[in-house]
J.: 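Quick one: the structure is below, and I'll ask about it shortly.
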Amino acid sequence: GSQEHYGEKCVDDTYLFMLMIVLIILYFLCMRLIWSSHLTISSGSDGASPCNDTRWVQKWQSWQSSRPLRRTSLSLGSGFWHATGRHSSRRLLRAIPRHVAQILQADVLWQMGHTGSGVKVAVFDTGLSEKHPHFKNVKERTNWTNEKTLDDGLGHGTFVAGVIASMRECQGFAPDSELHIFRVFTNNQVSYTSWFLDAFNYAILKKIDVLNLSIGGPDFMDHPFVDKVWELTANKVIMVSAIGNDGPLYGTLNNPADQMDVIGVGGIDFEDNIARFSSRGMTTWELPGGYGRVKPDIVTYGSGVRGSGLKEGCRSLSGTSVASPVVAGAVTLLASTVLNRELVNPASMKQALIASARRLPGVNMFEQGHGKLDLLRAYQILNSYKPQASLSPSYIDLTECPYMWPYCSQPIYYGGMPTIVNVTILNGMGVTGRIVDKPIWQPYLPQNGDYVDVAVSYSPVLWPWAGYLAVSISVAKKAASWEGIAQGHVMVTVASPAENDSAIGGEMTSTVKLPVKVKIVPTPPRSKRILWDQYHNLRYPPGYFPRDNLRMKNDPLDWNGDHIHTNFRDMYQHLRSMGYFVEVLGAPITCFDASQYGTLLMVDSEEEYFPEEITKLRRDIDNGLSLIIFSDWYNTSVMRKVKFYDENTRQWWMPDTGGANVPALNDLISVWGMAFSDGLYEGDFTMADHDMYYASGCSIARFPEDGIVIAQTLKDQGLEVLKQETAVVENVPVLGLYQTPSEGGGRIALYGDSNCIDDSHRQKDCFWLLDALLQYTSYSMAPPSLTHSKNRVVPPTGTDRPLPQRLEGNHLYRYSKVLEAHLGDPKPRPLPACPHLSWAKPQPLNETAPSNLWKHQKLLSVDMDKVVLPNVRPYRPQVRPLSPGESGAWDIPGGIMPGRYNQEVGQTIPMFAFLGAMVVLSFFVVQLTKAKSKPKRRKPRVKRPLYLQQQQPQTPHSGKNPTV
């Protein structure tokens, strides 16, 4: 009897034992799945903190950085990627998971036999290990740094090279291309302009075809670097560069991607959303007198892309640093498909990319450029390409929103400042070219084209491969009270010296048409018109103009242009939604008709003023113009404190002004008995039931006794900067309202801080305050919430302390449009003449204008139907929808990409093991249930069948072990 019970007990215990084993295996499988997903999330979340959410964790006295001359990587993520501060140098732009080459259907071209063979591609980055298993065609590795190694100690350069040319696991676009590795960054992410110059020269010597720069910085006036980039592209090197990771702020383009001869690449996620980190246009080279160009050129995947790991395997990264090699790899692959390589040059390649790009819906041109990279369409265009000129953008439609923002955001009218559209001419015929005769303006008479006046200025020489076409659009006087749509086009003929072909007279020509469509409205009343003073805003480069918010220690430079379409974009959009019309003054105050405008808006002004400007403004305000000034901090002791050491020039850099040029502003408003102080304040407070934050602002030192002044309790930030001491100051005058005494005179409003309307580091907006001030200046309606405020104080007389003086020995004259060097103190230059536009003589066309200006920008003489692709089924990556509040730029699951080149099968093993274990578990549960339900048998069982019985259930389980 004991043997019978013992046998039954053994059977039950065996099942229980096997059940425990299966449960343990399931536990470890689940933990592995959870852990792997955790790793995926972590790889992205390191860089997910907003770039503007910088904590003030350093001491004031440690304000030392390098001047942003050094190029740095443009990447997102771990501490390394931010080690040197946001703009302390040119940065490696970071290189988060996907097989991007198959997603963009590179495998279609691979099946046709195109794999990048014969194309030399250079990667300027952190180097590459000699025996990395992903690369089979590394022709040369060179080191241009002061470290004695060729290897990559960081992984950034390896990842970038892998996206371009990896041959296994995470495949690159062009595995058979010749890879040339240029190590220009140290393991500490340090680089110098001189290293780049030397490496660039060697790239020219080696006749590199494609060069990837996943780097960038704000210094577009680093002339040796910029000139050398021009020289590279002039030598037919196709340069691809990351546009920057400083989004979603506008006016944050990085150099060299902002150059018209370089292919500037922005980033999107796998759901075709613009990546939050991707920098936005416009270019700021042309300010204040002109208008910026469209950049980026194109966008592509830059979030969660898979590439080569440091020593082996794959990793996932995000950033425009990733998007750039995606395009560089695509360009390398495309170049290898063209039989006549002479047709491939920086202009023709960019023409093919932007003409084939797929436009993303609901996104403007300063976010997406011409759209998303379409590799196969680019292949079709490039392989039926004939040398020609083209335009970027290819048309001007001021009625098309949102793509043509900001042009579409405000109609034009008679008497307004001309609307300037900066068009880039791409010349695929040759490295140098010219515009024949002059561009021709041809209005369509049936579409009221004669109601529009057009002036055109352009590059005298198109070099290298490109030039500009600045189109100024205004409304004719006869349309002063008319409303409607007007159309026409500008005709431009470009000529280039013919290469090796004397049969065509030694010159090739190409004529392009620029369609123009505008919405005209009757001239708005004066009270609705605001003039933004752009002329007196200065920014880095060329000088050291510090940030307006001193808390932002990792972002010390004022470099976004201070324009209504860059870092004051939200303010502009708000004013438009309130019914105001905002125009930009890019010339001295002497150059506008004040009778047309209700308010002149001066924000964060760093420039000096001509004496004639001061005189004219006083006269204009006496005659009814109103003035609103948003100032910022200015304190010479603090300016000396925030100097930094430039590692390139081995010199200390001192700010040339504070956040604003308060001494110059005081000269402007002194006639009314007004002045700002050199106090420096910050803090939270409530004004008219609105929460406010004062970020490194100044106070009002002097104000007329019959004016309205509002004061607040704030912290003395100047004392904190200079002595690391904290003090609270009561009754700090921050806001002043004044009605000038002359009959019909205008009104003046002063506020000591501009950060609440600036997108750069705004914490709490004060658009409500701007509305209230405009009600006061435009309609003489003083807001009761301010006039009857409990914080209203007696206006200060300014006799208790001296007014701020200019910093002795400052070099503002080097960058000023107003000052010039002089023995002793700098003196004002002679007042320049106001800009005069030469309106083009119209050549009217009595024909109907095209109804749809945007088709896919077909290049001339290109018939894509002639270029046949294999019959392959296109596919899109399978991605899960984002959870509410989840960033599209970060955690994107690996998944399995279809396609014959995918080798990431290992990612599916845990899932198959999990399902198999579940089957085994079900089997054991059934067996256990059967065993317990059987009647007990008294016959003893031999041990061998028991042994076999124990082993047989293990067989399917042990068969699954290799997959776990």
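Count residues from 1 along the sequence.
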J.: With the threshold set at 4.0 Å, does a side-chain nitrogen-carboxylate oxygen contact exist between Arg806 and Asp667?
T.: yes
J.: Sorted by first residue and then second, give each side-chain hydrogen bond (donor to acceptor under 3.5 Å, both in side chains) pair with at least one member in residues 698-708; sequence neighbours left out.
T.: Ser677-Ser699
J.: I'd like to check Leu625 versus Tyr597 (side-chain heavy atoms, cut-off strictly below 4.5 Å). Are they in contact?
T.: yes
J.: What I'd like to find out is whether the side chain of Val734 reaches to under 4.5 Å of the side chain of Asp753, using heavy atoms alone.
T.: no
J.: For the pair Arg569 and Phe366, evaluate side chain to side chain contact (heavy atoms under 4.5 Å, CB included) and give the outcome as yes or no after the intermediate values.
T.: CA-CA 12 Å; Arg569 177 179 184 266; Phe366 289 139; over 6 Å; no
J.: Contact between Leu665 and Leu750 at the side-chain level, heavy atoms closer than 4.5 Å - yes or no?
T.: no
J.: Within the side chain of Ser789, is there an N or O that forms a donor-acceptor pair under 3.5 Å with the backbone of Asn791?
T.: yes
J.: Between the main-chain N or O of Arg547 and the side-chain N or O of Asp558, is there a donor-acceptor pair closer than 3.5 Å?
T.: no
J.: Both conditions, 6.0 Å and 45 degrees, for the charged tip of Arg576 above the ring of Phe581: are they met here?
T.: yes
J.: Applying ring pair (Phe, Tyr, Trp, His ring centres under 6.0 Å), which residue pairs with at least one partner in residues 667-721 are found, sequence neighbours left out?
T.: His690-Trp768, Tyr694-Tyr751
J.: With rounding to the nearest 0.5 angstrom, report the OG to NZ distance, Ser778 to Lys528.
T.: 8.0 Å
J.: Assess whether atom NZ of Lys764 is packed by more than 12 heavy atoms of other residues, nucleotides or ligands within 6.0 Å.
T.: yes
J.: Just wondering, do Thr740 and Arg618 contact through their side chains at under 4.5 Å, heavy atoms?
T.: no
J.: Check whether Tyr815 reaches the backbone of Tyr540 with its side chain - one donor and one acceptor, N or O, closer than 3.5 Å.
T.: no
J.: Checking Asn810 side chain against Leu807 main chain: does a donor-acceptor pair fall under 3.5 Å?
T.: yes
J.: How long is the straight-line distance from CD1 of Ile564 back to CD1 of Ile757, given to the nearest 0.5 Å?
T.: 12.0 Å
J.: If you apply the rule side chain to side chain contact (heavy atoms under 4.5 Å, CB included), what do you find for Met602 with Leu627, and how did you get there?
T.: CA-CA 8 Å; Met602 307 179 77; Leu627 173 67; 3.5 Å; yes
J.: What distance do Glu606 atom CD and Phe545 atom CZ have between them, rounded to the nearest 0.5 Å?
T.: 6.5 Å
J.: Would you say the side chain of Arg814 lies within less than 4.5 Å of the side chain of Asp656, judging by non-hydrogen atoms?
T.: no
J.: Can you give me the closest heavy-atom contact between Tyr738 and Pro704, atom names plus distance?
T.: CE1-CB, 3.5 Å
J.: Over 60° means perpendicular and under 30° means parallel, so tell me whether Tyr291 and Tyr407 are parallel, tilted or perpendicular.
T.: tilted
J.: With heavy-atom distances below 4.5 Å as the criterion, would you say the side chains of Thr284 and Phe220 are in contact?
T.: yes
J.: Strictly distance-based, threshold 3.5 Å: is any side-chain N or O of Ser626 a donor or acceptor partner for the main-chain N or O of Thr777?
T.: yes
J.: With side chains defined as the heavy atoms from C-beta onward, is the minimum distance between Leu538 and Lys817 less than 4.5 Å?
T.: yes
J.: Return the SG to CE distance between Cys756 and Met571, rounded to the nearest 0.5 Å.
T.: 11.0 Å
J.: Mind running side chain to side chain contact (heavy atoms under 4.5 Å, CB included) on Glu367 and Asn364 for me, showing each step along the way?
T.: CA-CA 6 Å; Glu367 293 182 308; Asn364 72 54; 3.6 Å; yes
J.: Under 3.5 Å, is there a donor-acceptor pair between the side chain of Asn755 and the main chain of Ala695?
T.: yes
J.: Please tell me whether Asp632 and Ser754 have a donor and an acceptor in their side chains that are separated by less than 3.5 angstrom.
T.: yes
J.: I need the minimum non-hydrogen distance between Val709 and Pro733, along with the two atoms involved.
T.: CG1-CB, 3.7 Å
J.: Go through the steps to decide whether Asp759 and Arg762 satisfy the test salt bridge (charged side-chain N to carboxylate O under 4.0 Å, His left out), and finish with yes or no.
T.: CA-CA 5 Å; Asp759 299 348; Arg762 186 178 67 240; 2.6 Å; yes
J.: When you compare the side chains of Asn661 and Glu608, does any donor N or O come within less than 3.5 Å of an acceptor on the partner?
T.: yes
J.: Enter the distance from Ser816:OG to His811:NE2 here, rounded to the nearest 0.5 Å.
T.: 14.0 Å
J.: Quick one: sort the His563 and His565 rings into parallel, tilted or perpendicular, breaks at 30° and 60°.
T.: tilted
J.: Where is the tightest heavy-atom contact between Pro783 and Tyr776, given as atom of each residue plus distance?
T.: CD-CB, 4.3 Å
J.: Which heavy atom in Thr787 sits nearest to a heavy atom in Ala782, and how many Å separate them?
T.: CG2-CB, 3.6 Å
J.: Can you tell if the side chain of Trp559 reaches within under 4.5 Å of the side chain of Pro556, non-hydrogen atoms only?
T.: no
J.: Determine yes or no for a side-chain-to-main-chain donor-acceptor pair under 3.5 angstrom, with Gln534 supplying the side chain and Val584 the backbone.
T.: no
J.: Is there a donor-acceptor pair closer than 3.5 Å between any side-chain N or O of Thr320 and the backbone N or O of Gly267?
T.: no
J.: The test is side chain to side chain contact (heavy atoms under 4.5 Å, CB included); show your working for Asp246 and Asn560 and say whether it passes.
T.: CA-CA 10 Å; Asp246 298 296; Asn560 304 129; over 6 Å; no
J.: Do Asp562 and Arg539 pass the salt bridge (charged side-chain N to carboxylate O under 4.0 Å, His left out) test, and can you show the C-alpha distance, the side-chain angles, and the key distance before you say yes or no?
T.: CA-CA 8 Å; Asp562 286 347; Arg539 44 83 176 100; over 6 Å; no
J.: In terms of ring plane angle, is the pair Tyr544 and Phe644 parallel, tilted or perpendicular, where the classes change at 30° and 60°?
T.: tilted
J.: Within a reach of under 6.0 Å around CG of Asp800, are more than 12 heavy atoms found that belong to other residues, nucleotides or ligands?
T.: yes
J.: When rounded to the nearest 0.5 angstrom, what distance separates CZ in Arg792 from CG in Leu786?
T.: 10.0 Å
J.: Are Tyr572 and Trp532 close enough that their ring centres sit under 6.0 Å apart?
T.: no
J.: Check Pro588 against Glu613 and note the closest heavy-atom contact, atom names and distance.
T.: CA-OE2, 3.2 Å
J.: Could you tell me whether the side chain of Ser279 and the main chain of Gly244 form a donor-acceptor pair under 3.5 Å?
T.: yes
J.: Minimum heavy-atom separation for Gly718 to Val638, with atom names?
T.: CA-CG2, 4.4 Å
J.: Any donor and acceptor pair, going by atom type alone, linking the side chain of Asp678 with main-chain N or O of Asn635 inside 3.5 Å?
T.: no
J.: For Glu730, is the CD atom crowded, meaning more than 12 foreign heavy atoms sit under 6.0 Å from it?
T.: no
J.: Name all residues meeting the side-chain contact (heavy atoms from CB on, under 4.5 Å) criterion together with Ser696; count only those two or more places apart in sequence or in a different chain, and write none if there are none.
T.: Asn549, Leu550, Trp633, Leu680, Gln717
